[in-house]
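Reading through the structure tokens given below for one structure.
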Protein chains: 2
Amino acid sequence: MSDDPKWPSDWIRAVLAPCILQQVQTRNESYGYQIVQDLGARGLPGIGGGTVYPVLNRLEADGRVRSEWREGHGGPGRKFYTITPQGETWLSETSGAWQEFTARVAAILTMEGNPA
Amino acid sequence: MSDDPKWPSDWIRAVLAPCILQQVQTRNESYGYQIVQDLGARGLPGIGGGTVYPVLNRLEADGRVRSEWREGHGGPGRKFYTITPQGETWLSETSGAWQEFTARVAAILTMEGNPA
DNA sequence: CCATACTAGATTGCCAGGCAAACTAGACGA
DNA sequence: TCGTCTAGTTTGCCTGGCAATCTAGTATGG
């Protein structure tokens with residue numbers, strides 16, 4: 001299940017931040033590299049570090065995650081992210097709005113030959 | 001039914017071109033100003049001419065619509081757009097991919113507390 | 001007769017953000 | 001020693017929404 005089309009960047013752009021934050025929330029904590037792997041496994045492949053790390057910085061700057069650096073036992077250190085209460089609020093609001101939005105768009109795109 | 005939230009531009013960006021093309025297809029022909037009205041009526045308000053007209057130009061440059069200028073009986077002239085066969089192909093492909101994409105995103109965003 | 005508003009289109013400039021590419025650096029295997 | 005994997009950061013390109021501004025034709029109201 002990895003014949004994924006590699007979605008257009010404008011689509012990724014629309015949902016990247018919420019998807020990343022949801023990953024952080026689902027695991028109680030996570031770090032950039034792991035998030036990249038997770039997104040790929042969940043149907044959003046081809047998203048690299050140069051895309052994800054800036055998003056994490058923005059999320060932290062907006063107070064939606066906190067970060068903590070930990071030395072690695074084997075391998076390089078990792079910066080672990082945890083969701084904040086504000087992050088949880090924003091995530092649920094954004095997810096709800098996204099569902100509403102996609103419903104309206106789907107209504108537009110699926111009116112095959114229907115009259116106005 | 002016009003208490004619409006005015007969606008973030010990154011979301012609009014993701015779907016504007018297909019939505020506009022679908023409008024052109026549904027009416028057999030349409031013009032920029034009418035498309036703006038239609039989108040507003042269908043749940044995508046706040047999209048102005050400065051957004052729609054460049055999209056129509058791109059669609060035409062890519063061969064997905066043809067345009068024809070007509071003088072107005074009362075009021076200014078209008079540039080009517082018609083969908084091309086390539087446009088129809090692209091629209092159906094893009095719509096399908098969009099449905100697939102939103103399904104995967106929804107799967108990510110709705111895993112409330114589910115394990116990985 | 002003039003001001004306002006609506007219809008219709010075009011253009012300019014700002015700004016956000018994905019992404020490729022390159023870089024640092026530790027650990028490990030051949 | 002060299003390549004590879006993990007892990008993070010930074011730079012620069014390019015796309016595209018959107019506000020603002022402009023032109024112009026028509027209609028309405030004072």
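Each chain gets a letter, A, B and so on, in the order the sequences are listed, and its residues count up from 1. All values below come from the heavy atoms of this structure, side chains included, with hydrogens, waters and symmetry mates left out.
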Give a yes or no on whether the backbone of B/Arg27 and the side-chain of B/Ser30 come within a donor-acceptor separation of less than 3.5 Å. no
Applying side chain to side chain donor-acceptor pair (under 3.5 Å), name anything that partners B/Glu93, two or more places apart in sequence or on another chain. none
Results of side chain to side chain donor-acceptor pair (under 3.5 Å) for A/Thr94 - residues two or more places apart only: A/Trp90
Any salt bridge (charged side-chain N to carboxylate O under 4.0 Å, His left out) pairs touching residues 64-74 of chain A, not counting sequence neighbours? A/Glu29-A/Arg70, A/Asp62-A/Arg64, A/Glu68-A/Arg70
Scan residues 59-67 of chain A against DNA chain D and write down, sorted by residue number, each residue with any heavy atom closer than 4.0 Å; if none is found, say none. none
Among all residues two or more places apart in sequence or in another chain, which pass the side-chain contact (heavy atoms from CB on, under 4.5 Å) test with A/Glu60? A/Val65, A/Ser67, A/Tyr81
Mind checking side chain to side chain donor-acceptor pair (under 3.5 Å) for B/Gln99 and listing every partner two or more places apart, or none if nothing turns up? none
Please collect all salt bridge (charged side-chain N to carboxylate O under 4.0 Å, His left out) contacts where either partner lies in residues 8-21 of chain A, sequence neighbours excluded, each pair once. A/Asp10-B/Arg13, A/Arg13-B/Asp10
Atom CG of B/Asn57 and atom P of C/dG9 are separated, to the nearest Å, by 11 Å
A/Thr102: what forms a side chain to side chain donor-acceptor pair (under 3.5 Å) with it, not counting sequence neighbours? none
Reading nucleotides 17-28 of chain C from 5' to 3' and marking B where a protein heavy atom lies under 4.0 Å of the base, S where only the sugar-phosphate is that close, and - otherwise, the string is BSBSB-----S-
Between which nucleotides of DNA chain D, 5' to 3', does chain B make heavy-atom contacts below 4.0 Å? D/dT15 to D/dT26
Residue pairs meeting ring-ring contact (aromatic ring centres under 6.0 Å, His included), one or both in residues 10-32 of chain B, sequence neighbours left out, come to A/Trp98-B/Trp11, A/Phe101-B/Trp11, B/Tyr31-B/Phe80
Using the test side-chain contact (heavy atoms from CB on, under 4.5 Å), find all partners of B/Val55 that sit at least two apart in sequence or belong to another chain. B/Leu16, B/Ala17, B/Ile20, B/Arg58, B/Leu59
